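Take a look at the structure below.
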Amino acid sequence: MKKQLITSALPYVNGLPHLGHLVGCLLPADVYARYQRQRGAEVLFVCGTDEHGTPSEVGAAKEGMDVEAYCKKYHDLHVAMYAGFNLSFDYFGRTSSDQNKEITYRIFHGLEANGLIEEKVTQQVYSPDDNRYLPDSYVMGTCPHCGYDKAKGDQCENCTKVLDPTDLINPRSVLSGSSNIEIRETKHLFLNLPKLEKELEQWIETKKGVWPDIAYSIAKKWLKEGLRERGITRDLKWGFAVPRAGFENKVFYVWFDAPIGYIGITKQWADERPDERRWEDWWMNADAVRHTEFMGKDNIPYHTITFPATLRGTREGWTEVSFLKGMNYLNFAGGKFSKSAHRGIFLDDALAEFPADYWRYWLMANAPESNDTNFTFDSFAMIVNKDLNDVLGNFINRVIKMTVANFGAEVPPTGPMTDAERELYQSLDTLIADYTKYMDGLEFRKAMSVLREIWVSGNNYIARMEPWKVVKTDRAYAGTILRTALNLIRLFAQLSAPVMPETAARMLAIIGEPATFVWPTEKAAVYLDGVPAGRSFTAAEPLFQKIPAERIEALKVQYKETEA
RNA sequence: CGCGGGGUAGAGCAGUCCGGUAGCUUGCCAGGCUCAUAACCUGAAGGUCGGAGGUUCAAAUCCUCCCCCCGCAACCA
């Protein structure tokens with residue numbers, strides 16, 4: 001079995017992450033990593049904060065901090081929130097690390113050696129009052145096409161026309177508002193993507209029908225339009241210095257070193273235990289590694305075109321992405337979640353309202369895989385109340401209570417199996433095979449739908465067997481039914497663990513099982529005979545609590561869901 | 001004519017590659033059950049598949065044109 005290298009797009013350090021970030025890459029990567037570990041695969045799941053670039057510099061200035069301290073502060077906040085959601089990173093690093101600098105330089109020199117780096121003089125907007133060069137979108141002015149007075153230097157939001165900052169009438173800095181704007185000539189380094197276009201195209205073509213449509217089509221779109229040379233340096237202070245004469249005041253562009261961060265962060269991980277970990281085992285070992293990347297659709301061009309080109313251009317044989325899981329957006333109240341406007345639900349708030357597993361299950365069951373998806377509290381409460389409380393939680397509760405009432409708090413002995421049990425085993429075999437197939441294929445919505453069906457099959461079994469009646473006439477057979485049901489709890493825990501790790505551990509604890517998770521690969525009958533008769537268990541509180549209607553309405557108001 | 005994704009019961013989605021009686025969840029209605037968190041199980045009703053045209057014995061599916069929603073457009077990340 002190949003080693004499973006799993007990466008989630010690196011969240012930008014500036015500001016706090018929201019549910020969109022969680023569902024777009026972090027959470028599906030975590031669910032997949034947990035699934036692969038449960039299957040016994042050797043997994044390395046890395047992520048970290050993306051720290052360079054203008055927004056960090058500007059954000060630090062706003063808070064009156066130096067950039068390094070600012071990034072550290074937000075890095076630590078990210079770490080705390082992800083811990084709250086039980087994201088099981090093997091390492092959560094930083095793109096500003098020394099290790100990432102080392103790898104970035106190595107890759108840069110490799111590209112240089114192969115003649116893929118070129119110098120070009122470009123025109124950039126400079127704001128003397130801000131004392132910095134401005135990215136195009138940091139310049140605001142009146143659109144020459146439609147007269148909209150808040151058009152940005154890259155595009156007019158009103159008429160959607162693509163602009164250059166120099167097109168704007170009365171241009172001014174978004175930061176200071178100053179209209180004292182200069183156009184300065186400045187020299188930058190470019191990666192020659194056209195030279196790699198052919199081989200990228202051939203490579204992407206092999207992903208047709210393999211990767212999600214959205215990943216393949218976005219990559220194809222860029223190739224179809226023809227690749228252009230791409231700037232990889234910027235006139236900033238915060239970032240990795242460019243190791244070339246004449247570039248002393250410049251740094252690498254954040255999009256150059258951010259994806260390299262996957263490798264740099266792996267080296268951070270390896271450097272913690274150099275005697276037993278080697279980053280090269282993962283990144284210089286392409287044949288033995290399957291690399292799965294998770295990201296929102298906005299990141300797809302960088303992970304299908306520029307980053308693969310960056311790695312290939314060195315001719316060093318880096319591990320390339322094997323499967324790219326591109327996700328659409330999670331919307332809130334009909335629009336995007338927004339960091340800058342603080343619109344939507346942020347992770348700290350989410351955890352303060354409900355346990356992590358409620359969110360994890362809703363987000364995976366409604367993952368924006370083929371469409372943009374709306375988050376609404378109505379939908380959230382419906383899924384939590386129905387799937388988690390009524391179907392799964394109530395199943396466990398009724399089985400435990402019935403057993404305690406009739407046999408005391410210990411697992412009753414099992415008599416001979418009947419056709420009813422055989423049918424249950426067979427239907428579970430089919431369902432588990434489907435579930436496994438969808439998890440392997442990273443089709444999370446479908447996987448969650450089958451998981452729910454699996455839970456339903458437990459209720460179905462109980463309803464058909466009517467152990468509350470059977471116990472009055474055939475106590476031994478009632479014991480068989482209930483012990484089967486108790487074993488179902490164990491099986492459900494194993495199958496639910498990738499998406500709801502805390503809940504799964506609680507389910508196992510109820511029936512006295514240790515919290516070790518192993519994926520069921522044998523026939524269901526084996527798993528329904530695992531909890532021994534006579535073992536005592538602890539009757540617990542219900543696993544979940546319902547969200548009452550008043551609470552839903554209050555949440556809608558509090559988080560401004562109904563706002564137009 | 002910039003590019004991509006989407007439009008399928010009231011709501012949320014699958015099915016489209018490879019044409020063959022349109023499926024799932026929820027909601028609504030009815031029945032069963034009364035162990036359980038007023039929960040569970042079963043059944044029924046509900047759709048001219050965004051619109052128009054074409055190909056075909058047959059179109060949600062293939063082709064052409066049009067409409068609507070969302071995203072992207074390389075210096076925000």
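Throughout, a chain's letter reflects where its sequence line sits, starting with A, and its residues are numbered from 1. Quick caveat: nothing in here was measured; it's all calculated off a predicted structure. All heavy atoms count here, side chains included; hydrogens, waters and symmetry mates do not.
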For the residue pair A:Thr49 and A:Arg94, confirm or rule out a side-chain donor-acceptor distance under 3.5 Å.
no
Within the 4.0 Å heavy-atom criterion, would you say A:Lys297 contacts the bases, only the backbone, or no part of the nucleic acid?
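Sugar-phosphate contact only.
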Describe the nucleic acid contact of A:Glu466 in one word from base, sugar-phosphate, nothing, applying a heavy-atom distance below 4.0 Å.
sugar-phosphate
Cation-pi between A:Arg475 and A:Phe407: NZ/CZ under 6.0 Å from ring centre and within 45° of the ring axis?
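That pair qualifies as a cation-pi contact.
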Short side-chain N/O contact from [X] to OP1 or OP2 of [N], under 4.0 Å:
| X | N | value |
| --- | --- | --- |
| A:Arg228 | B:A74 | no |
| A:Asn460 | B:U42 | yes |
| A:Tyr253 | B:A77 | yes |
| A:Arg445 | B:G12 | no |
| A:Lys386 | B:C40 | yes |

Might you work through the ring pair (Phe, Tyr, Trp, His ring centres under 6.0 Å) test for A:Phe252 and A:His52, ending with a clear yes or no?
CA-CA 9 Å; A:Phe252 281 113; A:His52 293 141; 9.6 Å; no
Taking only Lys NZ, Arg NE, NH1 and NH2, and the carboxylate oxygens of Asp or Glu, determine whether A:Asp372 and A:Lys297 approach each other closer than 4.0 Å.
yes
Which nucleotide, in any strand shown, forms a Watson-Crick or G-U wobble pair with B:C76, with both distances under 3.5 Å?
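Paired with no nucleotide.
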For B:G20, give the paired nucleotide (Watson-Crick: N1-N3 plus N6-O4 or O6-N4; G-U: N1-O2 and O6-N3; both under 3.5 Å), or none.
B:C57
